[in-house]
Amino acid sequence: MNIGLFSDTFVPEINGVATSVNSLFTLLKKYGHNCYVITTGDESKVTFKDNVLRIPGLELKGLYGYRASFVYNADAFKIIGSLKLDVIHINTEFGIGQFGFLVANKLELPIVYTYHTMYEDYTYYATKGYFDRFSKWVIREYARSDIDRSTELIAPSQKTLNYLRSIGVKKYINIVPTGFDFTRFTNLKNDNPKVLELKEKYGLVGKKVLICLGRVAKEKSFDVILKNYKNYLDRYPENDSIILFVGAGPQLDELKELVKTLNIDKRVVFTGKVPVDETQYYYHCSDLFLSASVSETQGLTFMEAMASYVPILCRFDNNLVGIIENNVTGFFFMEDEEFIEKLHFIMNLSTEKLNDVKLGAFKAIDKFSEKNFHDNIMIVYERAIRRNW
């Protein structure tokens, strides 16, 4: 099958959508399909290399470095027309996403649309708190408009499906969780030379390492982790823990200042941005993964941690039901006090109990295997093509 994946973001950018689209791109090629990514680029002209078509885009520095492109590019359209696509799969809603709708209309192709991002969690980047209710209404209208133009609709999780129903979407929704190749996480050993090098570099040797990994932004609630960690240290000062913050983003400087204010700068290390294909080394430096985010649509970093045999302590979110079973494959907290006591509990678990949790977590992510992902996505593609006849 000839498939075009349209996305405003793609690797080497580090975010959930870029990673999901790259996983699908790699998977479809592995199964023998002719797959192409249409995305933004930093050059002044259209480039087409290794099945990735990049259209010039303007960097939005206030939004994680995403790039915005125009909704139409004649040179790109000419190249796309030569690919003889069977289906267009749109993964984002803006420049490249709208270009995908235009291309599909002109070439009379079926559209599969995945709603990846809960944009209502991000309105403050544009509104700064003003007209927030109005901006959320605009987002809902915009989403419904795109959905109405699609042939088939995908939600990566039950949480996303529930949101779409709550804003009035009536169309049939396919739940297709993104599948991933976790090999680089599962096959790595903790005594890998790169892992040992990182432990030396960041002063982690002999420490209980608590990792926070991902885009450093307000909706990830990393401030909740830091404030609760400060309270944990005040209550249980006799421990050898340290937080390893891996990633960059618009809130990084703010969090660094918070660490100083809380007087825990000797207990927190910031790595800054790291290559996306090296994150496995940072997981394997760690003893526990921490998250307070409730803005995830699927929770890729949670699954990466589980694949790396790193236990998870995270704030409860409906999106994680079916992935994490509390006190069995990971640990939930609801309130600040519960975080403190759960962290203390985990830090004092026996090696045998921790190993049981790690093994259970590893088995729990089997449903996100590449084969399941491929089989489910092909059902959607084939149905879209039939509906377009």
Side-chain angles (χ1 to χ4, degrees), residues 16 19-20 23 155-162 175-190 208-214 220-221 224-225 228-229 232 241 243-244 246 279-280 282-335 337-373 376:
T19 302
S20 293
S23 293
S157 66
Q158 183 67 45
K159 175 182 176 180
T160 308
L161 182 149
N162 292 343
I175 297 182
V176 183
T178 302
F180 299 96
D181 180 3
F182 293 113
T183 305
R184 67 187 174 97
F185 300 96
T186 58
N187 288 353
L188 194 66
K189 303 298 181 183
N190 290 350
K208 289 286 188 179
V209 181
L210 317 176
I211 188 171
C212 294
L213 185 147
K220 301 300 182 183
S221 300
V224 173
I225 294 294
N228 283 329
Y229 182 57
Y232 165 76
S241 65
I243 289 185
L244 179 67
V246 182
T279 54
Q280 65 272 22
Y282 294 85
Y283 285 113
H284 279 268
C285 286
S286 310
D287 299 287
L288 184 66
F289 177 88
L290 302 177
S291 175
S293 174
V294 290
S295 67
E296 311 299 319
T297 56
Q298 188 171 343
L300 170 60
T301 54
F302 296 83
M303 290 185 282
E304 289 176 344
M306 295 162 81
S308 303
Y309 296 95
V310 178
I312 293 172
L313 173 60
C314 60
R315 184 155 59 174
F316 177 80
D317 185 23
N318 287 329
N319 179 50
L320 298 173
V321 174
I323 302 175
I324 297 173
E325 184 179 352
N326 194 30
N327 298 326
V328 178
T329 60
F331 304 90
F332 287 133
F333 71 93
M334 299 285 283
E335 306 295 338
E337 177 64 24
E338 191 176 7
F339 173 92
I340 298 168
E341 291 307 317
K342 274 286 180 76
L343 180 54
H344 180 63
F345 172 76
I346 296 166
M347 296 285 275
N348 289 280
L349 277 177
S350 67
T351 301
E352 182 181 3
K353 175 58 178 175
L354 273 176
N355 286 339
D356 287 343
V357 172
K358 293 175 184 179
L359 183 59
F362 181 75
K363 291 178 179 178
I365 62 172
D366 184 63
K367 67 182 74 173
F368 302 102
S369 70
E370 286 188 311
K371 183 181 185 306
N372 287 340
F373 186 30
N376 291 332

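All figures in this text were calculated on a predicted structure; none of them were measured in a lab.
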How many angstroms lie between CD1 in Ile323 and NZ in Lys367, if you round to the nearest 0.5 Å? 7.0 Å

Quick one about Ser157 and Thr160 (side-chain donor to acceptor, distance below 3.5 Å, no hydrogens or angles considered), yes or no? yes

Please test Glu352 against Asn355 for side-chain contact (heavy atoms from CB on, under 4.5 Å), starting from the C-alpha separation and ending with a verdict. CA-CA 5 Å; Glu352 182 181 3; Asn355 286 339; 5.8 Å; no

Point-to-point distance, once rounded to the nearest 0.5 Å, from OG of Ser241 to OH of Tyr229: 3.0 Å

Test item: Asn326 side-chain N/O and Phe332 main-chain N/O as donor-acceptor pair under 3.5 Å: yes

Heavy-atom side-chain proximity of Leu290 to Phe339 below 4.5 angstrom: yes

Of the non-hydrogen atoms in Arg315 and Val294, which two are nearest, and what is the gap between them? NE-CG1, 4.0 Å

Would you sort out whether Thr279 and Arg184 count as a side-chain contact (heavy atoms from CB on, under 4.5 Å), showing the intermediate values? CA-CA 9 Å; Thr279 54; Arg184 67 187 174 97; 3.5 Å; yes

Side chain proximity check, Leu210 to Met347, heavy atoms < 4.5 angstrom: yes

Rounded distance [0.5 Å steps], CG in Leu213 versus CG in Leu244: 8.0 Å

Can you check whether Phe333 and Phe316 have ring centres sitting under 6.0 Å from each other? no

dist Tyr232:OH -> Ile243:CD1 (nearest 0.5 Å) comes out at 10.5 Å

Working note: Val246 + Tyr283, criterion side-chain contact (heavy atoms from CB on, under 4.5 Å); need CA distance, chi angles, decisive distance, verdict. CA-CA 10 Å; Val246 182; Tyr283 285 113; over 6 Å; no

For Ile211 and Ser286, work out which heavy atoms get closest and say how close. CB-OG, 3.3 Å

Quick one: CG on Leu288 to NZ on Lys208, what's the gap to the nearest 0.5 Å? 9.5 Å

Decide yes or no for Ile324 and Phe331: does some side-chain heavy atom of the first lie under 4.5 Å from some side-chain heavy atom of the second? no

So which heavy atom on Thr329 is nearest to which on Ala364, and how close? CG2-CB, 4.4 Å

So do the side chains of Leu354 and Pro311 get within less than 4.5 Å of each other, counting heavy atoms only? yes

Find out whether Asn327 and Lys342 are in side-chain contact, i.e. whether some heavy atom of one side chain is under 4.5 Å from a heavy atom of the other. yes

What are the two closest heavy atoms between Gly179 and Ser23, and how far apart are they? O-CB, 3.7 Å

Does Ser221 use its side chain to pair, donor to acceptor, with the backbone of Val224 at less than 3.5 Å? no

Quick one about Ser295 and Ser293 (side-chain donor to acceptor, distance below 3.5 Å, no hydrogens or angles considered), yes or no? yes

Can you check whether Val176's main-chain N or O pairs, donor with acceptor, with Asn376's side chain at less than 3.5 Å? no

Taking His284 for its side chain and Tyr309 for its backbone only, find out whether a donor-acceptor pair lies under 3.5 Å. no

With heavy-atom distances below 4.5 Å as the criterion, would you say the side chains of Phe289 and Cys314 are in contact? no

Does any non-hydrogen side-chain atom of Gln158 lie less than 4.5 Å from one of Asn318? no

What one should report as the nearest heavy-atom pair of Thr178 and Ser20 is OG1-OG, 3.7 Å

Mind checking whether Phe180 and Phe368 have ring centres under 6.0 Å apart? no

Once you round to the nearest 0.5 Å, how far does NE2 of His344 lie from CG of Leu349? 10.5 Å

Taking atom CD as the centre, does Glu335 end up with more than 12 heavy-atom neighbours from other residues, nucleotides or ligands that are less than 6.0 angstrom away? no

Would you mind reporting whether Leu313 and Leu343 have side-chain heavy atoms less than 4.5 Å apart? yes

Is Glu296 paired with Lys220 through a side-chain N to carboxylate O contact shorter than 4.0 Å? yes

